[in-house]
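Written out below as structure tokens is the structure these notes cover.
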Amino acid sequence: MTDTGLAAEASSSIVFSIADREDKKKSGMQEALVDLTVQVADKSGNTASLPLSSVASLLPMLEGDIVKWPFTSLLPTREPIFQNFTFRLADFKTVNPAFQPEQISRVSFIFDKTDKGSIYLRDVGIRGAAVISGS
């Protein structure tokens, strides 16, 4: 982000798409789900954090079997599942009342909730309340 921050309002939200990248997990392992902390900071240095799991759990890769012609055996495959996440800036202000959403200067993804893992991250942005509510 620039030194001047972003044009955000208290009613804006942080949006992004994220997918689990680890393809070696055993399916059905709840404890192996990746979790992390989303942290925001304002120009004054006030920070507020929320776990990714406060919105939803990050799903593991989708597992399936494919058959390729002329081979007749099944080949296992895994594909990442991108999930869209929305974190309201007002929720961060609830966590830390000193945080000023209008002065947001940084969004960080802190890998502190699971022992190991890797992710794909894309389409990070700030969305206004009018877009989210459909107005």
Side-chain angles (χ1 to χ4, degrees):
M1 289 187 200
T2 65
D3 291 337
T4 59
L6 294 174
E9 303 170 354
S11 57
S12 296
S13 296
I14 297 168
V15 295
F16 55 90
S17 294
I18 190 172
D20 189 345
R21 198 183 127 166
E22 181 62 54
D23 65 351
K24 307 231 184 308
K25 290 181 186 170
K26 306 261 190 288
S27 56
M29 292 179 59
Q30 179 68 23
E31 67 276 358
L33 295 178
V34 172
D35 196 7
L36 54 94
T37 298
V38 179
Q39 184 182 74
V40 293
D42 63 21
K43 285 195 248 179
S44 299
N46 299 308
T47 62
S49 303
L50 290 168
L52 184 72
S53 58
S54 69
V55 173
S57 295
L58 186 61
L59 299 174
M61 285 190 155
L62 180 64
E63 188 174 352
D65 294 318
I66 60 171
V67 177
K68 289 192 173 185
W69 184 257
F71 306 108
T72 57
S73 62
L74 293 175
L75 300 172
T77 184
R78 290 178 173 252
E79 294 291 327
I81 303 170
F82 275 93
Q83 295 171 251
N84 297 322
F85 282 81
T86 301
F87 282 79
R88 295 174 351 131
L89 292 179
D91 293 338
F92 288 103
K93 186 156 180 74
T94 300
V95 171
N96 179 3
F99 170 67
Q100 297 299 312
E102 304 84 7
Q103 301 293 319
I104 189 169
S105 63
R106 185 181 76 228
V107 177
S108 302
F109 298 90
I110 303 168
F111 298 88
D112 61 347
K113 299 289 183 194
T114 51
D115 291 335
K116 68 177 191 171
S118 59
I119 62 163
Y120 293 110
L121 179 67
R122 67 180 187 194
D123 303 328
V124 179
I126 304 290
R127 184 175 294 156
V131 174
I132 294 171
S133 67
S135 302

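Keep in mind the model is a prediction, meaning the values are calculated, not measured.
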* Asked: Considering all heavy atoms of both residues, which atom of Pro101 and which atom of Leu89 are nearest to each other, and what is their separation?
  ->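 Scanning both residues, the minimum pair turns out to be CB-CB, 3.8 Å.
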
* How close do Thr37 and Lys113 get, heavy atom to heavy atom, and via which atoms? ->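 What the structure gives for the nearest pair is OG1-CE, 3.2 Å.
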
* Taking only residues two or more places apart in sequence or in another chain, which ones pass salt bridge (charged side-chain N to carboxylate O under 4.0 Å, His left out) with Asp91? ->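 Listed in chain order: Arg88.
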
* For Tyr120, check ring-ring contact (aromatic ring centres under 6.0 Å, His included) against everything at least two apart and list the hits. =>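 Here no residue qualifies.
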
Within a strict 4.5 Å, meaning less than it, do heavy atoms of the [X] and [Y] side chains meet?
{"X": "Ile126", "Y": "Ile14", "value": "yes"}
{"X": "Val38", "Y": "Phe109", "value": "yes"}
{"X": "Ile119", "Y": "Leu36", "value": "yes"}
{"X": "Asp42", "Y": "Ile104", "value": "no"}

* To do: Take Arg106 and Thr47, measure what side-chain contact (heavy atoms from CB on, under 4.5 Å) needs, and give me the verdict at the end.
  => CA-CA 9 Å; Arg106 185 181 76 228; Thr47 62; 3.8 Å; yes

Hey, quick one: are [X] and [Y] part of the same hydrophobic cluster, counting side-chain heavy atoms closer than 4.5 Å, chains of contacts allowed?
{"X": "Phe85", "Y": "Val95", "value": "yes"}
{"X": "Ile81", "Y": "Leu33", "value": "no"}
{"X": "Val107", "Y": "Phe111", "value": "yes"}
{"X": "Leu50", "Y": "Ile18", "value": "yes"}
{"X": "Leu52", "Y": "Leu59", "value": "no"}

* Quick one: OG on Ser17 to CZ on Arg122, what's the gap to the nearest 0.5 Å? ->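 If I round to the nearest 0.5 Å, the distance is 5.5 Å.
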
* To do: Take the angle between the ring planes of Phe87 and Phe16 and call it parallel below 30°, perpendicular above 60°, tilted in between.
  =>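 Phe87 vs Phe16 ring planes: parallel.
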
* **Residues forming a side chain to side chain contact (heavy atoms under 4.5 Å, CB included) with Ser53, sequence neighbours excluded** =>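 Side chain to side chain contact (heavy atoms under 4.5 Å, CB included) list for Ser53, sorted by chain: Asp35, Pro51.
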
